[in-house]
Amino acid sequence: MSTPVAPHSRPTAVTHEVTNQPPPLTGHDAADDAVLLEGIRREGAAWHVDELHRFGRYVGSEEAQHWADQANRHEPELRTHDRFGHRIDEVEFHPAYHSLMEASVRAGLAGAAWADERPGAHVARAGGFMLATMLEQGHLCPVSMTYAVVPALRRSPDLAKTYEPLLTSRVYEPGLSAPTAKRGLLAGMGMTEKQGGTDVRANTTAAVERADGTWRLRGHKWFTSAPMNDLFLVLAQSPGGLSCFLVPRVLADGSRNTFRIQRLKDKLGNRSNASSEPEFDDTVAWLVGDEGKGVRTIIDMVTMTRLDCVLGSAAGIRAALAQAAHHARHRSVFGARLVDQPLMRNVLADLSLESEAATTLALRLAGAADRAHRGDDGERAFLRLATAIGKYWVCKRQPMAVAEALECLGGNGYDEASGMPRLYREAPLNGIWEGSGNVNALDMLRALTREPASLEAFHAETEAAAGADARLDAARRELRAELARAEDAQLRARRVVERAALVLQGSLLVRHAPTAVADAFCASRLAGDQGLAFGTLPAGTDFGALLGRLPA
């Protein structure tokens, strides 16, 4: 009987030798990225750079990338009942998902920044969040919601006193048990319902107060991600109007709260994360904030998750660009490396320009959030308008940029093993989550009319680059006139928010990026010297300088 050959000692294929294929993009430091590091330092978190490199090495490791792949291949499964017929409403995840969660929570990407008194703590967290997104996006939904719940929960000091120390913990402890018995908690939220969607004021979930000060909820939510989280902020109609409530999965005595998971959503992407439809029936809850002010209460959470949408989309663009650049550096066509071919250089340079603009804007928003939380009213006003603008534009650009990067790999990029199809499926999510493009464009209009200080702060930010580039100056003047026009405001909202985003990005790049980057951006995005697809930058562009900003 013949002896089996060990897998590692099997001979190579006898028909051919494998050449001209790039090596796996593993074993590198994902934080070795000039654009990311410059932004982290500029926005006040230079003290975090060493830790960012440590986390970047984890993100670039073969083991972490294997976890990311496995968490998406082995999707979460709903278990409504145990084998004896008891209702349990639990979701089972692959061990790889838990490994990703443990690493991200330990790195402080959930609520830890709220317990860190150092200036720049939220910027440091943003940098880590971007790196984790480049690794795997799905597991960051519960991480993001946990980060975002803290400012909303602070509207009820007694609840915050009980739960905030656990929400800001760096300990990941999965499983359902009494919240105060755990070393760390995760939070989620339930806003949308079948009949309302974005129109949350049309919600029909009802809340009734009990004599002991608790409330009871009855209704159904259409999208509630991460149903195995410990706590949820939920909107429901009380006698005083739409209100916000805290709903724990498990009550203090260890008994299960009524949180019936009817089904998990079968989604385009974000497959590692469980999104569910829970049903409430005499579900115990506590009022958060003032009765009848539910939207005002939960908007604190929405604002922070919208920031994460911008960070996540900027990171998604950067992840796809890194794969395209790696492929082009190692693949040869017609006797020359792809990265040296003029047309491919144009494509990669254009994608690099898009990525740098997105990353710079995302980190500027993170810096504004950090300073706003420390009492800077000017930054708070800027953040109010700029978050809506950034959320609209950066999330819109992600699907197009990822598709172009995938094309750089040709057929290899269309194969699941490359990881690019997963990046492509994830690309539309941030544009939908926490408000689609129309919602954010209309939110910009709302800020303009109701919070004039936000417009003043936006103008101050863009005018900080006045006189540095004539094309930017002209675009800024045109934008100011558009923002001042009241007629047909809703009809023009997308055009205005798009121009506002480009002017803001141009102002940031003119002040902070190398001259070649700022010049190419102003020429192509503001002066219109570009085609309708990536890779159409004009002759005379300093392609070498732009390619020098590619991630490693």
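Note that the numbering runs from 1 along the sequence shown for the chain.
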Practice task
Kindly check if the number of other-residue, nucleotide or ligand heavy atoms within 6.0 Å of CZ (R495) is above 12?
Solution key: no

Practice task
Considering non-hydrogen atoms only, spot the tightest contact between M189 and T305 and give its length.
Solution key: CE-OG1, 4.2 Å

Problem - R87 CZ to R260 CZ distance, which is reported to the nearest 0.5 Å - result: 6.5 Å

Exercise for the section: Check the angle between the aromatic planes of F84 and H86 and answer parallel, tilted or perpendicular using the 30° and 60° thresholds. Expected result: tilted

Problem - Any donor-acceptor N/O pair, E434 side chain to R306 backbone, under 3.5 Å - result: no

Exercise for the section: Could you tell me whether a side-chain N or O of N430 sits under 3.5 Å from a main-chain N or O of C395, the two making a donor and an acceptor? Expected result: no

Problem - Between T26 and Q65, a side-chain donor and acceptor under 3.5 Å - result: no

Problem - Parallel, tilted or perpendicular: ring planes of F93 versus H98, cut at 30 and 60 degrees - result: perpendicular

Practice task
Could you tell me whether the side chain of T297 and the main chain of K293 form a donor-acceptor pair under 3.5 Å?
Solution key: yes

Problem - CZ/R155: more than 12 non-hydrogen atoms of other groups inside 6.0 Å - result: yes

Exercise for the section: Specify the closest pair of heavy atoms between G367 and E43, including all atoms of both residues, with the distance to one decimal. Expected result: CA-OE1, 3.6 Å

Problem - Criterion side chain to side chain contact (heavy atoms under 4.5 Å, CB included) on N440 and V497, from CA distance to verdict - result: CA-CA 9 Å; N440 281 273; V497 71; over 6 Å; no

Handout entry: Pairing of E416 and R425 as salt bridge, 4.0 angstrom limit
Key = yes

Problem - Any donor-acceptor N/O pair, T449 side chain to R446 backbone, under 3.5 Å - result: yes

Exercise for the section: If the plane angle is over 60° it's perpendicular, under 30° parallel, otherwise tilted; pick one for Y147 and H122. Expected result: tilted

Handout entry: Any side-chain heavy-atom pair of Y392 and K396 under 4.5 Å
Key = yes

Problem - R296 atom CZ, neighbour heavy-atom count above 12 within 6.0 Å - result: no

Practice task
State whether R380 and D376 are salt-bridged, where the test is any N-O pair (Lys NZ or Arg NE/NH1/NH2 against Asp/Glu carboxylate O) under 4.0 Å.
Solution key: no

Exercise for the section: Before giving the answer on side chain to side chain contact (heavy atoms under 4.5 Å, CB included), spell out for W393 and E498 the whole-Å C-alpha distance, their side-chain angles and the decisive distance to 0.1 Å. Expected result: CA-CA 6 Å; W393 184 241; E498 174 180 319; 3.4 Å; yes

Problem - Main-chain N/O of A110 paired with T146 side-chain donor or acceptor, under 3.5 Å - result: no

Handout entry: Over all atoms of both residues, closest heavy-atom pair of A178 and V250
Key = N-CG1, 3.5 Å

Exercise for the section: Say whether, by atom type as modelled, one donor and one acceptor occur between the side chain of S169 and the main chain of P165 under 3.5 angstrom. Expected result: no

Practice task
Give a yes or no on whether a salt bridge exists between R125 and D308, defined as a side-chain N under 4.0 angstrom from a carboxylate O.
Solution key: yes

Exercise for the section: Using a 4.5 Å cut-off on heavy atoms from C-beta on, say whether the side chain of K182 contacts that of L166. Expected result: no

Practice task
Please check if the side chain of E426 supplies one atom and the backbone of N270 the other of a donor-acceptor pair under 3.5 Å.
Solution key: yes

Practice task
Step through it carefully: locate the ring centre of F458, locate the ring centre of F382, and say whether they are under 6.0 Å apart.
Solution key: no

Practice task
Give a yes or no on whether E62 atom CD has more than 12 heavy-atom contacts from other residues, nucleotides or ligands under 6.0 Å away.
Solution key: no

Fill in the blank from the handout: Residues T180 and T162: closest non-hydrogen pair is CG2-CG2, 3.9 Å

Problem - Contact check, side chains of W286 and P248, non-hydrogen atoms, under 4.5 Å - result: yes

Problem - R201 atom CZ, over 12 foreign heavy atoms within 6.0 Å - result: no

Problem - More than 12 heavy atoms of other groups within 6.0 Å of Q490 CD - result: no

Exercise for the section: Report the distance from atom CZ of R384 to atom OG1 of T303, rounding to the nearest 0.5 Å. Expected result: 7.0 Å

Problem - Heavy atoms from other residues, nucleotides or ligands near OH of Y58 exceed 12 (cutoff 6.0 Å) - result: yes

Problem - Distance-only polar pair, side chains of T205 and N203, donor-acceptor under 3.5 Å - result: no

Exercise for the section: State, yes or no, whether a side-chain contact exists between F245 and S238 at a heavy-atom distance under 4.5 Å. Expected result: yes

Exercise for the section: Tell me, with the steps shown, if F55 and L109 meet side chain to side chain contact (heavy atoms under 4.5 Å, CB included). Expected result: CA-CA 11 Å; F55 194 66; L109 307 187; 3.9 Å; yes

Handout entry: Check: L52 and I40 side chains under 4.5 Å, non-hydrogen atoms
Key = yes

Practice task
Could you tell me whether the side chain of K221 and the main chain of T224 form a donor-acceptor pair under 3.5 Å?
Solution key: no

Problem - Donor-acceptor pair between R494 and N438 side chains, under 3.5 angstrom - result: yes

Exercise for the section: Check S243 against L287 and note the closest heavy-atom contact, atom names and distance. Expected result: CB-CD1, 3.8 Å

Fill in the blank from the handout: Note: G390 and V310 closest approach over all heavy atoms is C-CG2, 3.7 Å

Problem - Candidate list Q137, H139, E136, test side chain to side chain donor-acceptor pair (under 3.5 Å), partner S272, passing option - result: E136

Handout entry: Student check: side-chain heavy atoms of M191 and V302 closer than 4.5 Å
Key = yes

Practice task
Find out whether the Lys NZ or Arg CZ of K391 is both under 6.0 angstrom from the six-membered ring centre of W433 and within 45° of the ring's axis.
Solution key: no

Problem - Polar side-chain atom of Q195 near backbone of A202 as donor-acceptor pair, under 3.5 Å - result: yes

Practice task
Determine whether the side chains of D212 and T214 contain a donor N or O and an acceptor N or O closer than 3.5 Å.
Solution key: yes

Handout entry: Carboxylate-amine/guanidinium contact R263 E277, below 4.0 Å
Key = yes

Practice task
Look at the side chain of S144 and the backbone N and O of L140, then say whether any donor-acceptor pair between them is shorter than 3.5 Å.
Solution key: no

Exercise for the section: Rounded to the nearest 0.5 Å, what's the gap from CZ on R271 to CZ on R422? Could you check? Expected result: 13.0 Å

Practice task
For the residue pair S275 and S225, confirm or rule out a side-chain donor-acceptor distance under 3.5 Å.
Solution key: yes

Practice task
Compare all side-chain heavy atoms of E209 with those of W215 and state whether any distance is below 4.5 angstrom.
Solution key: yes

Problem - Stepwise side chain to side chain contact (heavy atoms under 4.5 Å, CB included) test for M101 and V143 - result: CA-CA 8 Å; M101 286 294 299; V143 169; 4.0 Å; yes

Practice task
To the nearest 0.5 Å, tell me how far L383 CG sits from L307 CG.
Solution key: 7.0 Å

Practice task
First locate atom CG of L242, then atom CD1 of I298, and finally report the distance between them rounded to the nearest 0.5 Å.
Solution key: 9.0 Å

Exercise for the section: Compare all side-chain heavy atoms of K267 with those of L429 and state whether any distance is below 4.5 angstrom. Expected result: no

Completion exercise
CZ of R249 to CD1 of I261, rounded to nearest 0.5 Å, is 5.0 Å

Practice task
Decide if atom CG of D69 counts as having more than 12 heavy atoms of other residues, nucleotides or ligands within a radius under 6.0 Å.
Solution key: yes

